Amino acid sequence: MSRAYFAPQHSYPEPPVDLPVRASSLEPAPVEGCKVCVHAAAWRQAYRTGKGTADGYTNQSGALDCSVEIRNHPHEPRVIGLPINAPVVRP
């Protein structure tokens, strides 16, 4: 039987790049006067903090979906179905 050849480990001249998990400056801003954008921004904040959601837990996937909806202004076609009511503000 022949032995499998394993290539030696290579080293690279530069260290790996550490990217931020989330940069707030890269988030889309809601368009002024657009009710859908303002509603999505309110839900994005509620999902990120957990304040305003029915269960009180954070939902990063839902927050990302809201950012996608804001980015796709003028919302044709709609990407996600946002909850109809505004998030409940909790202390």
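As a basis for the values below, the full set of heavy atoms in this structure was taken, side chains included, without hydrogen atoms, waters or symmetry mates. If you read the sequence from its start, that first residue is 1, and numbering goes on from there. Keep in mind it's a predicted model, so treat the numbers as computed, not measured.
To the nearest 0.5 Å, atom CD of residue Glu69 and atom CZ of residue Arg71 are 10.0 Å apart. Atom CG of Asp65 and atom CG of Asn59 lie 8.0 Å apart (nearest 0.5 Å).
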Please set out all donor-acceptor pairs under 3.5 angstrom arising from side-chain atoms of residues 29-40, sequence neighbours excluded.
unit_1 : atom_1 : unit_2 : atom_2 : d
His39  : NE2    : Trp43  : NE1    : 3.4
His39  : NE2    : Pro83  : O      : 2.6

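Applying the side-chain contact (heavy atoms from CB on, under 4.5 Å) test to Thr58 and every residue at least two apart in sequence or in another chain returns Gln60. For Ala63, the side-chain contact (heavy atoms from CB on, under 4.5 Å) criterion is met by Arg44, Tyr47, Arg48, not counting sequence neighbours.
Closest non-hydrogen pair, Ala46 versus Pro87, comes out as CB-CB, 3.6 Å.
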